[in-house]
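Letters A, B, ... mirror the listed sequences (proteins, then strands); counts begin at 1. What you see is a predicted model; the values in this text were computed from it and never measured.
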Amino acid sequence: MEYNFKDIEARWQQYWRDGQVYKVSNDPSKPKCYVLDMFPYPSGAGLHVGHPLGYIATDIYSRYKRLKGFNVLHPMGFDAFGLPAEQYAIQTGNHPGAFTDENLLRYRQQLDAIGFNYDWDRSVETHRPDYYKWTQWIFIQLFHSWYDKKAEKARPVAELEALFALQGNQGLDAATDMVAVFTAQDWAAMDEKARQETLMHYRLAYQSYTDVNWCEELGTVLANDEVKDGVSERGGYPVIRRPMRQWSLRITAYADRLLKGLEIIDWPDSLKEQQRNWIGRSEGASIVFQVAPPEAGQADSAGQIEIFTTRPDTIFGATFMVLAPEHELVEHISSQGQQGEVAQYKEYVQNRSERERQAEVKKVTGAFTGAYAIHPFTQERIPIWISEYVLMGYGTGAIMAVPSDDERDQTFAKHFGLPIVPVVDKTGYPADAVKVGKLINSDFLNGLEVKEAISLMCRKVEEMGIGKAKVNYRLRDAGFSRQRYWGEPFPIYYKDDMPYTLPEDQLPVTLPEVESYKPTGTGESPLATATDWVNLSDGTKRETDTMPGYAGSSWYFLRYMDPHNNTEFAGKAALDYWQDVDLYVGGSEHAVGHLLYSRFWHKFLHDLGYVPSEEPFKKLVNQGMIQGVSEKILMSTGGKLNKTFHDYGGILIPRDNPNNLSYTYYYSDDFYTEEQKASGGLTAINVPIQFVTNNVLDIPKYLISDKGKGLKENAVFLAQNGYWQNGEFHHIDVSQNHLHHNYTTEEIKNLSSDFRTFSEVEKMSKSKDNVVNPDDIIAKYGADTFRLYEMFLGPIELSKPWITNGLDGVAKFMRKFWRLFYDENGLKVTDAEPSKAELKTLHKTIKKIEEDTERLAFNTCVSAFMICVNELTELGCHKKAILKDLVVLMAPFAPHVAEELWQHALGQPGTVNDAAFPQFKPEHLVESSFNYPVSINGKVRANIELPLDMDAATVQETVLSLEDVQKWTEGKAPKRFIHVPGRIVNVVV
RNA sequence: GCGGAUGUGGCGUAAUUGGUAGCCGCACUAGACUUAGGAUCUAGCGCCGCGAGGCGUGGGGGUUCGAGUCCCUCCAUCCGCACCA
């Protein structure tokens with residue numbers, strides 16, 4: 001009886017479905033374990049072999065945990081709103097939902113074929129109204145919340161209103177962009193609209209005017225990744241920054257907690273570091289500089305400039321100030337004489353693309369405003385400049401420039417001839433050390449260490465009322481509006497031009513049908529065209545923007561806990577039971593997107609008392625990418641090639657090319673684009689990998705495929721001893737061709753008619769023709785082999801190319817494993833007592849699998865199985881007592897075959913998923929003796945078998961009396977004798 | 001430039017966490033069985049050397065009886081951020 005995976009896998013997948021084997025209930029009698037994958041966006045292309053890598057890992061882990069007695073939640077769902085479906089809808093006019101549902105179904109079939117243990121009943125799909133109802137609900141909660149920095153948590157806006165009525169906005173420490181101060185009386189005097197406008201500065205979901213990427217030609221707002229080098233990716237039209245009234249989430253309120261939370265979670269360092277950088281916390285001080293009166297003798301000041309600095313200690317070295325060109329003060333303070341220059345510079349900056357700006361970081365540009373600031377300590381007049389190196393988006397958009405201590409300020413000062421006053425003496429410190437040294441030329445700070453000076457200065461400016469210690473973050477609030485169709489509608493309507501939330505009983509606000517998904521041209525989303533939907537009966541209007549892609553993915557992991565709840569996003573009992581995600585596996589591309597937003601939402605829901613945990617994902621692992629191995633050929637891009645072969649027969653150029661690119665082919669002239677002709681030379685192009693075997697292209701097959709069709713008439717594929725045209729090979733006598741004189745006769749004999757490709761590792765993608773579909777692998781090798789092989793490739797964190805070749809090794813192992821149970825005569829399993837050696841093999845494996853599964857080292861698990869099966873085969877072991885445990889060990893990895901053997905070969909009742917993980921018994925591994933490597937001065941020179949319980953003195957005596965040892969020590973007494981029981985013996989002479 | 005990570009055979013990788021480096025697999029070589037092999041089995045497979053032996057974990061140095069593992073330094077590759085005051 002041979003291993004027939006096709007039959008086995010189909011049968012057991014059916015069995016699991018029918019028996020609802022993977023149904024998960026919230027069972028408080030068992031410890032919980034929540035294992036999560038980042039849910040996929042169901043694109044039209046389907047899964048390739050790279051996608052399931054993480055899914056297989058979590059599947060193994062969750063099955064293992066189940067065997068260990070945990071109640072495991074291991075769900076799967078789909079992140080279904082998104083741009084590709086929208087673009088498809090725009091192009092075809094079809095509804096993006098139908099397209100999404102089709103893709104989703106295909107994904108699900110592909111996933112099921114791999115044999116995952118998902119409880120599909122808990123599936124979450126973000127575009128379903130019964131799911132996004134709760135996304136909208138959470139948005140409403142954000143809208144009605146503000147952040148109290150003193151209490152370090154979100155609180156209801158109603159409480160804020162009460163505070164305003166009591167004390168205005170004074171004495172509050174709230175996360176807000178409001179600078180104006182108002183009193184209780186002011187608040188009382190405000191009308192409804194003014195109050196709403198005020199509250200907007202405090203809400204965690206708020207509206208403001210923020211810049212968007214606006215493309216006039218396309219009449220639409222573009223996402224950042226739709227803009228390349230200042231022009232639209234599609235069409236290449238210019239894109240400008242334009243302010244638009246938009247929703248944002250006040251994630252900055254949580255900056256500190258998002259930072260602190262990183263300390264308690266088990267994530268990869270690189271990922272934590274990315275989030276830290278993204279949040280970008282820096283401690284320093286904000287200090288206000290008065291602008292000097294425009295004309296000497298004039299009394300009133302022209303305003304003040306607030307700056308942020310991490311080095312308040314260096315203030316005596318501040319010889320000038322720099323504002324961002326976009327700073328609002330620039331226009332007010334510029335002197336008459338300088339206005340022209342300032343305007344010119346501002347225009348120059350505006351016309352520079354992001355790319356230019358970044359490419360020329362070292363270029364020094366700027367303009368003098370003609371205005372001066374008063375140095376708060378020396379009372380000197382210091383000039384105010386503008387320059388693009390000061391960014392409006394960071395700090396206050398203004399700096400005090402300390403050229404002695406800041407590299408950029410120094411370059412600027414040198415370029416424009418501004419004074420430089422040294423204020424920090426770094427004698428005794430390395431030149432590149434930061435925040436060290438003694439202050440000089442700094443009045444009352446002189447002689448202090450930098451660190452002392454910083455804290456003294458912070459106190460001083462506060463005393464003087466011109467500044468205070470401040471923590472600044474790089475993190476910006478998150479834009480939450482999209483002018484698109486395919487996203488969650490906002491539960492918002494407008495009255496008197498102010499947004500209000502719809503009552504909860506009107507949720508979900510479902511997407512209306514629209515006639516066209518195309519951009520409206522006005523910057524509004526396509527929803528705006530559904531006038532029946534937009535205009536409410538009472539004369540108010542709905543919000544027509546939709547939420548961004550990350551809205552639905554920011555909380556989906558909570559919905560899995562209680563997916564069918566109609567009255568809450570998830571019930572308290574479920575939330576309290578499942579708590580948080582124990583293991584989260586996914587790609588690192590979400591490092592500062594999804595993973596930061598999710599943490600933010602989770603903390604917010606925690607503040608409101610809904611979720612018990614502070615952090616959503618306790619442990620996170622980034623799985624590596626499986627890359628594709630592309631097959632490439634060289635194509636001539638030169639012109640004038642539609643002549644006979646012999647005219648360019650000399651192009652067997654790369655005979656001694658280091659890359660072994662021995663062959664190339666040529667097209668006729670009219671095949672080439674003008675651009676290609678202009679460039680000349682050779683270009684590498686990808687050919688579909690299915691037409692390539694061992695770097696040899698199957699030309700006839702290629703030419704009848706879609707990809708190669710166009711080449712049939714035009715292409716000449718030049719091989720070593722001839723050429724291919726129209727799928728036929730034409731031999732040429734190379735020895736007769738004067739262009740090949742550099743071949744020897746011997747070499748000519750070995751020339752071949754193969755048309756060779758060369759391989760390159762790239763990202764696996766349709767456009768590169770290097771996609772390996774898991775369906776094909778499963779059809780040929782089976783899902784169990786596929787799963788084992790993906791794990792065998794290496795640690796899951798590592799990126800590696802997909803090499804189909806290696807599958808044979810795992811397939812061989814599976815047959816060997818099968819043969820422990822069955823041979824050509826049928827069942828071989830016996831009830832005989834296991835031998836010592838067999839028990840040792842088994843328990844060695846149990847130990848290894850247990851340890852390595854816990855640390856997610858699945859690659860070494862597969863190796864351990866191979867060793868185990870090899871040893872059992874060698875021992876001729878077919879004993880039930882051994883095999884039963886082995887099958888349970890294998891079940892997480894190869895669930896189909898394990899289930900088959902469990903029930904049929906071993907005659908066990910029920911599913912193997914409900915078996916208990918075998919108990920490791922150390923006594924089976926304990927040896928009475930150990931074969932010690934004996935080294936002399938660290939070099940192994942002999943081996944000796946010694947009882948493990950032999951006392952130290954006897955060991956030493958026995959070892960030293962060995963003939964080999966005597967020879968190497970020349971009979972000398974050892975200086976030292978090291979004996980590590982069970983490890984090594986080392987003699988030092 | 002700053003930050004993070006990683007460097008082990010022809011390749012993917014492993015190493016009881018400081019204890020005989022190269023497990024397991026691929027590829028390769030030889031042999032067996034075959035009409036045949038992209039099947040199966042056996043053996044070999046880090047480098048140099050006929051051999052004894054020597055050398056080997058990116059380079060150099062150090063700690064240690066003993067270093068792939070710890071420390072210093074340099075180099076290379078990958079990833080992230082990038083005028084962040």
Side-chain angles (χ1 to χ4, degrees), chain A residues 268-278 280-282 284 307-312 314 318 321-322 324 357-358 360-365 387-391 393-402 405-409 411-412 432 434 472-475 588-589 591-592 622 624 693-694 788-789 792-795 797-810 812-813 815 844 847-848 851-852 857 859-870 925 931-943 974-980 982-989:
Chain A
D269 289 340
S270 63
L271 196 61
K272 287 189 184 180
E273 204 52 37
Q274 273 184 62
Q275 293 213 342
R276 279 192 198 107
N277 288 341
W278 192 257
R281 182 193 150 99
S282 51
I307 58 108
F308 174 76
T309 178
T310 54
R311 297 293 304 273
T314 63
M321 303 192 74
V322 187
R357 250 181 121 143
Q358 284 182 14
E360 304 172 55
V361 165
K362 289 269 134 48
K363 194 170 160 186
V364 183
T365 63
S387 174
E388 60 179 336
Y389 87 88
V390 175
L391 308 172
Y394 184 77
T396 59
I399 61 160
M400 64 171 196
V402 184
D405 227 57
D406 182 286
E407 204 184 318
R408 293 153 307 168
D409 295 346
T411 331
F412 193 83
D432 55 349
V434 288
N472 193 52
Y473 296 95
R474 198 187 79 107
L475 184 70
S588 56
E589 66 272 19
V592 290
N622 282 137
T693 316
N694 293 329
L788 282 166
Y789 182 57
F792 185 65
L793 276 174
E797 299 92 338
L798 250 55
S799 289
K800 54 242 156 186
W802 176 267
I803 313 283
T804 303
N805 275 348
L807 264 160
D808 290 334
V810 179
K812 215 182 279 180
F813 156 75
R815 282 195 293 270
K844 197 171 70 182
K847 185 163 186 270
K848 181 94 177 138
E851 285 170 1
D852 289 359
N859 54 329
T860 53
C861 288
V862 180
S863 295
F865 286 129
M866 289 178 172
I867 295 167
C868 179
V869 168
N870 283 346
L925 298 193
N931 190 20
Y932 284 91
V934 179
S935 33
I936 317 293
N937 293 335
K939 273 262 168 272
V940 177
R941 301 294 185 187
N943 279 284
K975 274 193 211 137
R976 273 183 82 172
F977 188 87
I978 295 111
H979 169 219
V980 186
R983 298 271 173 91
I984 197 160
V985 169
N986 192 6
V987 185
V988 188
V989 286

Legend entry - Protein-nucleotide distance (A:Asn622, atom CG; B:C78, atom P), rounded to Å: 19 Å
Inset, instruction - Quick one: look up who B:C81 pairs with, Watson-Crick or G-U, both distances under 3.5 Å, and put none if it's unpaired. - result: B:G1
Legend entry - Whole-Å gap separating C1' (B:G12) and CG (A:Leu788): 16 Å
Inset, instruction - Considering only atom P, compute the distance from B:G7 to B:G12 and round it to an integer number of Å. - result: 12 Å
Inset, instruction - Describe the nucleic acid contact of A:Ile867 in one word from base, sugar-phosphate, nothing, applying a heavy-atom distance below 4.0 Å. - result: sugar-phosphate
Inset, instruction - Please work out which of the three classes, parallel, tilted or perpendicular, describes the rings of A:Tyr389 and A:Phe412, given edges at 30° and 60°. - result: tilted
Inset, instruction - With a 3.5 angstrom cut-off on both distances, give the Watson-Crick or G-U wobble partner of B:C65, or none if there isn't one. - result: B:G19
Inset, instruction - Answer with yes or no whether the side chains of A:Asp405 and A:Thr314 bring together a donor and an acceptor at under 3.5 Å. - result: no
Inset, instruction - Rounded off to whole Å, could you give me the NZ-to-C1' distance for the A:Lys812 and B:G38 pair? - result: 11 Å
Legend entry - Side chain A:Asn986 and base B:C65 donor-acceptor under 3.5 Å: yes
Inset, instruction - For nucleotides B:G59 and B:C11, find the distance between their P atoms and express it as a whole number of Å. - result: 15 Å
Legend entry - Atom pair CE (A:Met866) and CG (A:Leu788), whose distance is rounded to the nearest 0.5 Å: 7.5 Å
Inset, instruction - Rounded to the nearest angstrom, tell me the gap between atom CE in A:Met866 and atom C1' in B:A14. - result: 13 Å
Inset, instruction - Please work out if A:Asn472 contacts a base, only the sugar-phosphate, or nothing of the nucleic acid, heavy-atom cut-off 4.0 Å. - result: nothing
Inset, instruction - Taking atom P in both B:A15 and B:C70, compute the distance separating them and give it to the nearest angstrom. - result: 14 Å
Legend entry - Interatomic distance, A:Lys272 NZ vs B:G3 P [rounded to whole Å]: 19 Å
Inset, instruction - Specify the glycosidic conformation (syn or anti) of B:U35, with syn defined as within 90° of 0. - result: anti
Inset, instruction - Could you check how far CG of A:Leu798 sits from C1' of B:C11, rounded to whole Å? - result: 14 Å
Inset, instruction - Determine the Euclidean distance between corresponding P atoms of B:C24 and B:A43; express it in Å to zero decimal places. - result: 12 Å
Inset, instruction - Under 4.0 Å between any heavy atoms, over every strand shown, what does A:Arg281 touch: base, sugar-phosphate, or nothing? Just pick one. - result: nothing
Legend entry - Whole angstrom value for the distance that separates P of B:G80 from CD of A:Gln274: 7 Å
Legend entry - CD-CG distance between A:Gln274 and A:Asp269, expressed to the nearest 0.5 angstrom: 11.5 Å
Inset, instruction - Could you measure between the two P atoms, the one in B:A5 and the one in B:C55, and give it in whole Å? - result: 34 Å
